[in-house]
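Quick note: numbers below take in every heavy atom, side chains included, and nothing from hydrogens, waters or symmetry partners. All chains are named by letter (A, B, ...) in the order of the sequence lines, taking the proteins before the strands, and each is independently numbered beginning at 1.
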There are 2 protein chains.
Amino acid sequence: MVRRKFLHYKQMILKMRDGGKTPGEARRVPRIGDVAAAAGVSVATVSRALSAPDKLKSETRDKVLEAVAALGYTPNSVARQLRAGHSRLVLVIVPRRTNPPFFAEVLHGIDVRLAEAGYVLITGYMEADDHDLRLIELAASGHVAGLLTISGDLPKVAGRSILDAGLPAVAICADPRVEGLPAVLLDDEQAAAMQVEHMIGLGHRRLFYVSGPPGNYNEVTRHRGVLAALAKAGLGPDALIEHPGNYAFSGGIAGANAYLALPDRPSGVVCGNDETAIAFVKTVHAAGLRVPDDVSVIGFDGIELADFCEPTLSTIAQPRFELGAVGAQLLIDRLAGADPADMLPPGGKILMQGRLLARDSTRPLGE
Amino acid sequence: MVRRKFLHYKQMILKMRDGGKTPGEARRVPRIGDVAAAAGVSVATVSRALSAPDKLKSETRDKVLEAVAALGYTPNSVARQLRAGHSRLVLVIVPRRTNPPFFAEVLHGIDVRLAEAGYVLITGYMEADDHDLRLIELAASGHVAGLLTISGDLPKVAGRSILDAGLPAVAICADPRVEGLPAVLLDDEQAAAMQVEHMIGLGHRRLFYVSGPPGNYNEVTRHRGVLAALAKAGLGPDALIEHPGNYAFSGGIAGANAYLALPDRPSGVVCGNDETAIAFVKTVHAAGLRVPDDVSVIGFDGIELADFCEPTLSTIAQPRFELGAVGAQLLIDRLAGADPADMLPPGGKILMQGRLLARDSTRPLGE
DNA sequence: ACCATTGATGTAATCGATTACAGAAACGGT
DNA sequence: ACCGTTTCTGTAATCGATTACATCAATGGT
């Protein structure tokens, strides 16, 4: 009896919370039981009307669907998810402030593909070492079905990795080098080689290289490509002067200042990404050098903006949308139960090719 | 009996799904019951050890926490959420491909503030009319606690709005003009007036205006500011030639072409945002005009890049991080039960001020 | 030493949906 | 008309955690 009274009170609070201030307009979110009552059937029938309509007599089904529409009922997906044991949410780990124009388009590819397959995307922004625990707990909490990372790193705290949650995961754009983690990547080595070959093809024999962050997966791989291309052209490593960058404007400025301070400046500059290249161009311009007359500069990524700066930037276009979409598809297949080994080439990675965009920031040496 | 057998089988499937192929390594995700068994206590005690530690004898608590650590237990937040009736997820509606450098920073502000308050952000990308239903259903599904929109529009399908779910919501950067919806906005009218006043202060008496998308909230408000500033300077509306834009590169190109075709070109150009301005400069440069020698151009937003193009772009800086953070805080307060009326000025909107950045793309007329 | 009070822990109801099984109704064959 | 199918719908168990209430132990006051 006392118990019943308590429940009644609790119910009132609930009503007030859901509805509004005036009791008259107290309109709570309808539950499956409300629909059942309105249609004069059981909750099981309502559930079936929505998820397996052909199991019902058409007459009953219509009655239920009418009630659903009248009440504006949407199934509570939290309850559904608890019962079903799996969710339709995918967590995407994104580096927080790095290179928004680039990652926005990768995300777009991911989002479009996930949406088509009925999944919803949760973006987890990750700073270098910050906020990791929150994402790890989110992954372990049963809320999400799978994991994508377009950041080179994965949240890790005190030896606890986000992968410990055992979620199906796929890496996009950068490879965290984790055993068994499928990855969709640009062929960075080949693409970086294209940068260098372009320069060499224009007659530049000495190059300045503003890299990405030392140790970064993409940087390491691209660096290998740069050296390989030089070697292939018969040039030794002394043909290359390197400056460590960070894939951001600030790295381009610092790189340019280092370049300007050089006694004998190379005629070609290879940058780790477009933002770096744009900042580089801007900085050497300010110092009185002209691009491409005095120095040729090439970027990497092919962001839209590279076509809107002065001069337009030669660069390597990444298939950003496709990288995202293919990565998302890989995860969708795994969530559907496919074996990664069946979908991937032997190395466990899908490599996509970059495309050289030769524009105005590079030109033949001495012309 | 038969039932028991079925359950047993189901359990096996669960084990295999959670664990792996080899029965030996079948490691399922631990539940609260597993921890209770391991610690030799009831599930209630485990729950209390995690959420109300001081209600337990320290001895018991330690025993439980040990078991938690040993098993690597993380509470299933789906179950928790179902029981609690509310979640820690906040859905942010973001325009899909528009102006990534700008929105990325607003999102950053939102994310930082939400994270501090223990919330997790879900990004719902929204295209003009696409994918709306998915977001509406997500909002109505009980998964999210609140709603932020930094897109001018809100998902709406067949008369059903995302606000019908009754979630606490806050608008940031753009005002969907919905009764009772709190908003954190730039003082667009004032900011646009600053653009014009800057131009007039430099002696430009006739202006070309590449607007945002006609009808867009920001555009409408800024347009009002432009006209007000002209009137204040004693200039009639014939001092302004308008071209409808779209806040993207393409709008800047189209605007520039329209400008170039003019028989008598105004000496000052006011753009709806920085991307538009950058594309405008690029296009008139290609046609042989020089900025700022032949024409002064001012942008809007203050994205990082505006300082890295040639010439550096005069613009109005928006406090992007703060807009996001303040908007997030407003929602957090509402979720904590605060009355919006207590937090907001009478109009229901918090207006933040823009800041003029006078750089190289504008200069006194005739100098 | 006994009862009252406080404190610690356990039992079981609960959140809202799905679904196995049971039971009822409709149908067909003889 | 009766029985066996098939078709449809209802009852109740279930997902994993939280928490009101019950219960039991320990403590203190007299």
Side-chain angles (χ1 to χ4, degrees), chain A residues 1-11 13-14 17-18 28-37 39-61 63-64 68 73-87 140-143, chain B residues 1-11 13-14 17-18 28-37 39-61 63-64 68 73-87 140-143:
Chain A
M1 199 100 68
V2 171
R3 174 159 193 84
R4 174 141 248 113
K5 193 171 249 166
F6 165 74
L7 284 178
H8 176 65
Y9 174 63
K10 193 166 165 191
Q11 201 62 29
I13 293 188
L14 270 175
R17 194 186 63 198
D18 291 342
R28 31 174 243 132
V29 174
R31 327 212 177 296
I32 195 171
D34 303 327
V35 178
V41 298
S42 75
V43 294
T45 302
V46 175
S47 178
R48 281 188 278 254
L50 294 171
S51 54
D54 19 318
K55 283 193 170 181
L56 295 185
K57 205 159 62 178
S58 64
E59 192 183 332
T60 325
R61 188 196 326 137
K63 199 167 54 179
V64 173
V68 166
Y73 169 72
T74 305
N76 180 317
S77 68
V78 176
R80 176 181 282 181
Q81 182 171 323
L82 175 60
R83 177 64 226 248
H86 59 251
S87 85
S141 73
H143 249 305
Chain B
M1 200 102 67
V2 171
R3 175 158 192 85
R4 174 141 250 113
K5 193 170 249 166
F6 165 75
L7 284 178
H8 176 66
Y9 175 64
K10 194 166 165 190
Q11 203 62 29
I13 293 189
L14 270 176
R17 194 186 63 196
D18 291 344
R28 32 174 241 134
V29 173
R31 328 212 175 297
I32 195 171
D34 302 327
V35 178
V41 298
S42 75
V43 293
T45 304
V46 175
S47 178
R48 279 189 279 255
L50 295 171
S51 53
D54 18 318
K55 284 192 170 181
L56 294 185
K57 207 158 61 176
S58 63
E59 192 184 332
T60 325
R61 187 197 326 138
K63 199 168 54 181
V64 173
V68 166
Y73 168 73
T74 305
N76 180 318
S77 67
V78 176
R80 175 180 284 182
Q81 182 170 323
L82 175 61
R83 177 64 226 245
H86 59 253
S87 84
S141 72
H143 249 306

Taking every non-hydrogen atom, the tightest pair across [X] and [Y]:
X       : Y       : answer
A:Val43 : A:Gly33 : CG1-CA, 3.9 Å
B:Tyr73 : B:Leu50 : CE2-CD1, 3.6 Å
B:Ser42 : B:Ala36 : C-CB, 3.7 Å
A:Gln81 : A:His86 : CG-O, 3.4 Å
B:Val64 : B:Val35 : O-CG1, 4.3 Å

Item to check | hbond_proxy A:Arg80 side chain to C:dT18 base (donor-acceptor, 3.5 Å cutoff) | outcome: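 Not at all, since no donor on one side and acceptor on the other fall under 3.5 Å apart.
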
Checklist entry - In Å and rounded to the nearest 0.5 Å, what is the CZ to CD1 distance from B:Arg80 to B:Ile32? => result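 So the gap between those two atoms works out to 9.0 Å.
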
Checklist entry - Quick one: OG1 on B:Thr45 to NZ on B:Lys63, what's the gap to the nearest 0.5 Å? => result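 If we round to the nearest 0.5 Å, B:Thr45:OG1 and B:Lys63:NZ are 8.5 Å apart.
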
In whole angstrom, give the distance that lies between atom [atom1] of [X] and atom [atom2] of [N].
X       : N      : atom1 : atom2 : answer
A:Arg83 : D:dT14 : CZ    : C1'   : 5 Å
B:Leu82 : C:dT18 : CG    : C1'   : 13 Å
B:Gln81 : D:dG16 : CD    : C1'   : 13 Å
A:Glu59 : C:dA25 : CD    : P     : 15 Å
B:Leu50 : D:dT18 : CG    : P     : 7 Å

Checklist entry - Residues two or more places apart in sequence or in another chain: which of them pass side-chain hydrogen bond (donor to acceptor under 3.5 Å, both in side chains) with B:Thr74? => result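 B:Thr74 satisfies side-chain hydrogen bond (donor to acceptor under 3.5 Å, both in side chains) with A:Arg160 only.
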
Item to check | side-chain hydrogen bond (donor to acceptor under 3.5 Å, both in side chains) against B:Ser87, all qualifying residues, sequence neighbours excluded | outcome: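 Not a single residue meets the side-chain hydrogen bond (donor to acceptor under 3.5 Å, both in side chains) criterion with B:Ser87.
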
Item to check | Positive for side-chain contact (heavy atoms from CB on, under 4.5 Å) with A:Val46, one of A:Val41, A:Thr60, A:Leu56 | outcome: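 Per the side-chain contact (heavy atoms from CB on, under 4.5 Å) rule, the option paired with A:Val46 is A:Val41, out of A:Val41, A:Thr60, A:Leu56.
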
Item to check | OP1 or OP2 of D:dA17 under 4.0 Å from side-chain N/O of B:Tyr73 | outcome: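 Affirmative; the distance criterion is met.
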
Checklist entry - Think B:Arg31 has a side-chain N or O under 4.0 angstrom from the OP1 or OP2 of D:dG16? => result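 The answer is yes; a side-chain N or O of B:Arg31 sits under 4.0 Å from OP1 or OP2.
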
Protein-nucleotides 5-12 of chain D N/O pairs closer than 3.5 Å?
| from | atom 1 | to | atom 2 | distance (Å) |
| --- | --- | --- | --- | --- |
| D:dT9 | OP1 | A:Thr60 | OG1 | 2.1 |
| D:dT9 | OP2 | A:Lys57 | N | 3.2 |
| D:dG10 | OP2 | A:Ser42 | N | 3.0 |
| D:dG10 | OP2 | A:Ser42 | OG | 3.0 |
| D:dG10 | OP2 | A:Thr45 | OG1 | 2.4 |
| D:dG10 | N7 | A:Arg48 | NH2 | 2.8 |
| D:dG10 | O6 | A:Arg48 | NH1 | 3.3 |
| D:dG10 | O6 | A:Arg48 | NH2 | 3.4 |

What does the list of N/O pairs under 3.5 Å between the protein and nucleotides 25-28 of chain D look like, with a distance for each?
none

Checklist entry - Tell me the side-chain hydrogen bond (donor to acceptor under 3.5 Å, both in side chains) pairs involving residues 48-59 of chain B, sequence neighbours left out? => result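 Not a single pair qualifies under side-chain hydrogen bond (donor to acceptor under 3.5 Å, both in side chains).
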
Item to check | Five-pair end axes of the helix from C:dA1-D:dT30 to C:dT30-D:dA1, angle between them (10°) | outcome: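 Answer for the end axes of this duplex: 50°.
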
